[in-house]
Amino acid sequence: MIENKIRHYRELKKISQETISKKVGVSRQTIISMEKGSYNPSLYLAMKLSKVLEVTIEELFQLEEDDETN
């Protein structure tokens, strides 16, 4: 499972969901789904988000390890 900090960094930058959705070329609903963790973006979209939010992909997304992978 991938954990993201999109909402955290978006709120730090004081950017609305609508604004960031327009900047990366997706719907506001897509941003909502990503923030809830119900949608994982493509690598291309992840790169666009990290650029807009001025953080690295690694800061924005983290892989949560589950017991099955150990």
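For the pair Leu53/Leu12, no side-chain contact is recorded, criterion being any heavy-atom separation below 4.5 Å from C-beta on. Residues Phe61 and Ile6 have side chains in contact (heavy-atom distance under 4.5 Å, counting atoms from C-beta outward). Two residues are said to be in side-chain contact when any heavy atoms from C-beta on lie closer than 4.5 Å; Ile57 and Leu49 fail this criterion.
If you chain together hydrophobic residues whose side chains sit under 4.5 Å apart, Leu45 and Leu63 fall into the same group. By the criterion of side-chain heavy atoms lying less than 4.5 angstrom apart, applied directly or through intervening Ile, Leu, Val, Met, Phe, Trp or Tyr residues, Leu43 is grouped together with Tyr39 in one hydrophobic cluster.
Once rounded to the nearest 0.5 Å, the distance linking CD of Gln62 with CD of Glu3 reads 6.0 Å. Remark: Met34 CE to Arg7 CZ distance equals 14.0 Å, nearest 0.5 Å. Put simply, CD1 on Ile31 and CD1 on Ile20 are 5.5 Å apart, with the number rounded to the nearest 0.5 Å.
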Is there a side chain to side chain contact (heavy atoms under 4.5 Å, CB included) between Leu60 and Asn4? Walk through the geometry before answering. CA-CA 6 Å; Leu60 203 52; Asn4 75 68; 5.5 Å; no

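Across all their heavy atoms, Glu59 and Tyr9 have their closest contact at O-CE1, 3.6 Å.
Put simply, the side chain of Ser21 gets close to the backbone of Gln17: a donor and an acceptor are under 3.5 Å apart.
Counting only residues at least two apart or on different chains, the salt bridge (charged side-chain N to carboxylate O under 4.0 Å, His left out) pairs with a member in residues 15-30 are Glu18-Lys22. The stretch residues 41-54 participates, sequence neighbours left out, in these side-chain hydrogen bond (donor to acceptor under 3.5 Å, both in side chains) pairs: Lys13-Glu54.
With sequence neighbours excluded, the residues that form a side chain to side chain contact (heavy atoms under 4.5 Å, CB included) with Gln29 are Ser27, Ile32, Ser33.
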